[in-house]
Amino acid sequence: MKITKASDIVRVAAPAEYFVGTVAMDPLHRPDGPAGTNALRVHFAPGGRTNWHTHPQGQLLIVVEGEGWTQTAGEAKQVIRPGDAVWIPAGERHWHGATATTPMVHIAVQGSEDGRTADWAEPVSDVDYLG
């Protein structure tokens with residue numbers, strides 16, 4: 001068993017090449033090798049969002065604060081709120097983040113394959129985000 005104390009979790013800015021707006025991450029768990037499970041608590045300021053991306057092993061999102069949006073390519077944008085759990089299957093192109101006016105925090109859990117947890121694509125345009 002490994003316990004990571006809250007005081008040992010260091011918040012970091014999300015990589016600007018994969019996110020739009022102000023986004024920060026609390027690394028909760030990192031895999032020990034090229035395969036395993038990664039978990040993050042992600043803080044999105046209003047307007048903050050991921051780029052379009054997929055996950056080789058899928059992803060589970062658990063909303064803990066605020067209100068957000070998520071969208072699978074080709075489908076309508078969905079509202080997500082505290083207590084909602086969102087499962088994104090492996091390879092499904094999607095994005096997620098805060099609404100334009102409300103911050104959102106979620107826990108993201110995803111498997112690692114060959115050392116990667118996501119395959120990143122282009123930023124979500126304002127048209128797609130606000131549409």
N/O donor-acceptor pairs under 3.5 Å from side chains in residues 22-31, not counting sequence neighbours:
from	atom 1	to	atom 2	distance (Å)
Asp26	OD1	Arg11	NE	2.7
Asp26	OD2	Arg11	NH2	3.2
Asp26	OD2	Arg41	NE	2.8
Asp26	OD2	Arg41	NH2	3.4
Asp26	OD2	His43	NE2	2.8
His29	NE2	Thr37	O	3.4

(request) Sorted by first residue and then second, give each salt bridge (Lys or Arg N to Asp or Glu O under 4.0 Å) pair with at least one member in residues 58-82; sequence neighbours left out. (result) Glu67-Arg81
(request) Identify whether Val105 and Val42 are in the same connected component of the hydrophobic contact network (ILVMFWY, side-chain heavy atoms under 4.5 Å). (result) no
(message) If hydrophobic clusters are built from ILVMFWY residues whose side chains come within less than 4.5 Å, do Val12 and Val109 share one?
(response) no
(request) Flag yes if Ile88 and Trp95 sit in one hydrophobic cluster, no otherwise; membership is Ile, Leu, Val, Met, Phe, Trp, Tyr, and two members link when side-chain heavy atoms are under 4.5 Å apart. (result) no
(request) Check Gly58 against Gln110 and note the closest heavy-atom contact, atom names and distance. (result) O-CB, 3.4 Å
(message) Can you confirm whether Asp128 sits close enough to Trp52 that some side-chain heavy atom of one is under 4.5 Å from a side-chain heavy atom of the other?
(response) yes
(message) Would you compute the distance between atom OG1 of Thr99 and atom CD1 of Ile80 and round it to the nearest 0.5 angstrom?
(response) 10.5 Å
(request) Indicate yes or no: at least one non-hydrogen side-chain atom of His106 is less than 4.5 angstrom from one of Phe44. (result) yes
(message) Donor-acceptor check, side chain of Arg49 to backbone of Val124, threshold 3.5 angstrom: yes or no?
(response) yes
(message) To the nearest 0.5 Å, what is the distance between CH2 on Trp69 and CG on Leu130?
(response) 6.0 Å
(message) Does any part of the side chain of Ser112, heavy atoms only, come nearer than 4.5 Å to the side chain of Asn38, both counted from C-beta?
(response) no
(request) Could you label the plane-to-plane angle of the Trp120 and Phe19 rings as parallel, tilted or perpendicular, counting under 30° as parallel and over 60° as perpendicular? (result) tilted
(message) Would you compute the distance between atom CG of Leu40 and atom OG1 of Thr117 and round it to the nearest 0.5 angstrom?
(response) 7.5 Å
(request) Locate the shortest heavy-atom distance separating Met104 from Gly97; write the atom from each residue and the value. (result) CE-O, 3.3 Å
(request) Evaluate the side-chain proximity of Val63 to Pro82: yes if any heavy-atom separation is below 4.5 Å, no if none is. (result) yes
(request) Considering non-hydrogen atoms only, spot the tightest contact between Pro56 and Ala90 and give its length. (result) O-CB, 3.4 Å
(message) Checking Glu92 against Thr72: is there a side-chain donor and acceptor pair closer than 3.5 Å?
(response) yes
(request) Taking Asn51 for its side chain and Glu17 for its backbone only, find out whether a donor-acceptor pair lies under 3.5 Å. (result) yes
(request) For residues Ala98 and Gly47, report the shortest heavy-atom separation together with the two atoms involved. (result) CB-N, 4.2 Å
(message) Taking the side chain as everything from C-beta on, heavy atoms only, tell me whether His96 gets closer than 4.5 Å to His53.
(response) yes
(request) Provide the closest heavy-atom pair for Pro46 versus Ala100 in the form atom of the first, atom of the second, distance. (result) CB-O, 3.5 Å
(request) Hey, could you give me the NE2/CG distance between His94 and Leu61, rounded to the nearest 0.5 Å? (result) 6.0 Å
